[in-house]
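Here the structure is a predicted model, which means the values were calculated and not measured.
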Amino acid sequence: MLAQEEEKRGSDEDSDEASNEEDENTQPPKKTNTLSENLLSYKDILKTLLINSLPIFLSLFAVHADKAYALYLLKHKNSDKELIAASGVGAAWLSVLGTHLFTSLNLGLTTKTSQAFGAKKLRLVGLYLHRAFIINLCLLVPSIIILIISDRVFIMLGVATEIVDLTYKYLLYCIPGLFTFLIYNTLVSTLYGCGMFKIPSLIQVTSALLYLMAAYLFIDVFDLELRGQAICYNIMWTFSTILLISYFWKHRPLKEIFFWPIKESYKEIWDLFKYEIVIGSMNWFDSIAAEILSIFTATLNVAHIAAYSISKSIYKITNPIASSIGTTSMSFAGNAIGSNNKENASRFIIMALRIGLFCCLIVEFVLWFWKDEILDIFSPDSETFSVSQLVLGVYILKYPGDAFQKILGNALKAIGKEKAGSLIITLSNYVVGVPVAYLTCFKMKLGAEGIAIGAAAAVYVKAFLFGLVYWKT
């Protein structure tokens with residue numbers, strides 16, 4: 001009997017084990033590390049974007065505010081619209097050959113370093129930095145050569161003769177600052193890729209304050225006019241570079257990234273250059289189109305040239321809102337993709353669009369109701385003021401589209417759709433923007449206002465096509 005009970009008990013235990021085993025097989029497996037556990041909330045993303053984009057905004061705002069202040073001093077000291085016109089054309093040409101060129105290429109550097117940093121490959125980040133320096137220094141040589149012969153180029157393009165000599169002298173004085181800008185921007189682009197935004201911003205704001213003091217001294221007190229503005233440009237970027245290198249030397253942040261060049265530093269340079277061209281071409285083709293439009297105005301009368309320079313300067317003071325949000329979201333989205341978390345990358349981009357649109361609507365409201373008071377600060381005469389009213393009015397309407405296209409453009413870089421972005425930029429700017437600007441400026445006789453209309457048309461086409469590509473990805 002005991003034997004029968006033991007047999008029955010053993011049979012029941014076997015049945016229980018089989019039942020438990022069956023239950024375990026029918027239940028879904030436990031997730032040890034689900035995607036939801038790694039997702040950031042939109043509230044956290046909002047906080048991250050605002051905190052990290054603020055330093056970039058302040059640094060960009062400081063740079064553009066400095067330029068606006070220089071225009072104000074030129075107007076206040078001489079009330080000469082030729083000086084303001086020459087300053088605008090000179091800045092556009094310097095951007096084509098230097099500022100936009102290196103900034104655009106370094107966007108590719110930021111994308112590469114953000115992905116490598118997200119994947120914890122710190123030594124690779126340092127190698128990217130070395131290769132980027134080699135590429136940029138090689139490109140600096142032809143840029144300087146073209147700057148030296150710029151007067152001949154201006155005459156060939158039909159730039160107003162009254163401003164050719166003024167613009168040419170301004171550009172020659174700016175050459176030293178272009179070299180230090182290259183060093184500074186390459187280092188900062190690497191830091192952005194590693195999520196370090198505060199130090200570059202602090203340095204940039206400090207240098208901008210120095211620029212304001214130098215501008216008052218060289219433009220207003222010493223009355224050096226455009227030469228004084230060029231000297232301030234050199235001082236700002238040289239001082240920024242010295243401060244940044246001093247910070248690296250003393251505090252040694254990210255020691256694994258900053259090291260002297262080694263054999264691997266000279267390898268795969270061509271591969272990085274090709275990648276930077278693909279990534280940076282979006283920004284460079286976009287920026288070049290904008291400067292081509294500025295060169296268009298240089299063939300108009302001096303009042304229209306000055307009005308376009310003033311309106312563009314005012315627009316750029318507030319435009320860094322979208323640029324800073326876009327750059328920050330690209331960095332964090334790139335880090336998320338590098339760590340194989342595409343959902344977080346998508347959330348960063350969506351939140352960036354919301355912030356950008358909200359901020360640009362506020363800016364539109366402020367500028368629309370106070371544009372006359374703002375323009376009166378910079379306009380040297382009534383003719384320039386009247387043209388500036390029309391040009392700035394178009395720029396104000398351009399704000400929402402510009403915010404969307406900047407953020408979505410950076411989003412396409414972060415998700416690897418830079419080739420599609422470059423194609424969209426080419427079509428928008430050179431098939432839509434430039435032809436519309438030419439027709440409205442010269443055929444419809446709208447002058448500088450027509451140039452602004454062409455720029456706005458290109459921006460809205462870009463915003464629409466960028467959005468189409470992104471949401472179909």
Side-chain angles (χ1 to χ4, degrees), residues 59-68 70-71 84-107 136 139-140 142-150 153-154 157 159 163 166-186 188-189 204 208 211 226 229-230 232-234 236-237 240 276 280-298 305-306 308-317 319-320 323 327 395 402 406 409 425 429-430 433-434 437 451-452 454-455 458-459:
S59 61
L60 292 173
F61 176 81
V63 171
H64 294 305
D66 285 344
K67 293 178 181 178
L71 288 181
I84 295 176
S87 175
V89 175
W93 194 242
L94 189 64
S95 296
V96 170
L97 297 175
T99 309
H100 288 323
L101 174 62
F102 300 122
T103 301
S104 299
L105 288 174
N106 286 336
L107 283 175
N136 290 339
L139 291 174
L140 179 64
S143 294
I144 291 176
I145 292 173
I146 297 174
L147 283 175
I148 292 173
I149 62 170
S150 291
V153 178
F154 291 151
L157 293 175
V159 174
I163 66 170
L166 290 171
T167 307
Y168 179 62
K169 290 179 179 178
Y170 167 76
L171 291 171
L172 291 183
Y173 276 99
C174 285
I175 290 176
L178 185 58
F179 172 72
T180 52
F181 170 81
L182 179 156
I183 298 173
Y184 176 80
N185 190 257
T186 305
V188 166
S189 298
Q204 192 63 68
Y211 182 102
L226 290 181
Q229 186 179 1
C232 294
Y233 174 85
N234 295 332
M236 180 175 66
W237 292 120
S240 296
E276 287 186 333
S281 61
M282 290 180 61
N283 186 73
W284 194 73
F285 281 132
D286 197 15
S287 303
I288 292 306
E291 304 310 341
I292 286 174
L293 298 181
S294 296
I295 300 301
F296 272 3
T297 65
I305 304 172
Y308 191 80
S309 299
I310 291 169
S311 301
K312 187 177 177 183
S313 182
I314 294 171
Y315 180 76
K316 283 189 171 183
I317 293 175
N319 200 36
S323 298
T327 301
Y395 267 128
D402 204 12
K406 276 185 167 59
I425 284 174
N429 286 328
Y430 300 100
V434 173
I451 302 295
V459 157

Are [X] and [Y] packed together at the side-chain level, in the sense that at least one heavy-atom pair is separated by less than 4.5 angstrom?
X    : Y    : result
L226 : S87  : yes
I292 : Y430 : yes
I183 : W237 : no
V89  : I163 : yes
M236 : F181 : no
N136 : N106 : yes
N429 : I288 : no
N319 : K406 : yes

For the OH atom on Y315, are there more than 12 heavy atoms of other groups (residues, nucleotides or ligands in this structure) within a distance under 6.0 Å?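 More than 12 heavy atoms, drawn from other residues, nucleotides or ligands, come within 6.0 Å of this atom.
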Could you tell me which non-hydrogen atom of [X] sits nearest to which non-hydrogen atom of [Y], and how far apart they are?
X    : Y    : answer
A62  : Q204 : CB-O, 4.4 Å
A85  : S309 : O-OG, 4.2 Å
C174 : Y233 : O-CE2, 3.5 Å
Y211 : A70  : OH-CB, 3.7 Å
G177 : T180 : O-OG1, 3.0 Å
Y168 : I148 : OH-O, 2.7 Å

How far apart are the C-alpha atoms of Q229 and Y173, what are their side-chain angles, what is the distance that settles it, and do they pass the side chain to side chain contact (heavy atoms under 4.5 Å, CB included) test? CA-CA 9 Å; Q229 186 179 1; Y173 276 99; over 6 Å; no
Expected output: side-chain S311 to main-chain Y308 donor-acceptor under 3.5 Å: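 No: the side chain of S311 does not pair with the backbone of Y308.
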Taking T327 for its side chain and S323 for its backbone only, find out whether a donor-acceptor pair lies under 3.5 Å.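 At least one qualifying donor-acceptor pair exists.
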Should T167 and V159 be marked as a side chain to side chain contact (heavy atoms under 4.5 Å, CB included) after you check the CA-CA gap, both sets of side-chain angles, and the distance that decides it? CA-CA 10 Å; T167 307; V159 174; 5.8 Å; no
If you measure from [atom1] on [X] to [atom2] on [Y], what distance do you get to the nearest 0.5 Å?
X    : Y    : atom1 : atom2 : result
L171 : I144 : CG    : CD1   : 12.5 Å
F61  : D66  : CZ    : CG    : 9.5 Å
I310 : I84  : CD1   : CD1   : 4.5 Å

I'd like a table of donor-acceptor pairs (distance under 3.5 Å, sequence neighbours excluded) in which one partner is a side-chain atom from residues 90-103, with atom names and distances.
unit_1 : atom_1 : unit_2 : atom_2 : d
W93    : NE1    : S150   : OG     : 2.8
S95    : OG     : A91    : O      : 2.8
H100   : NE2    : E291   : OE2    : 3.0
T103   : OG1    : T99    : O      : 2.7

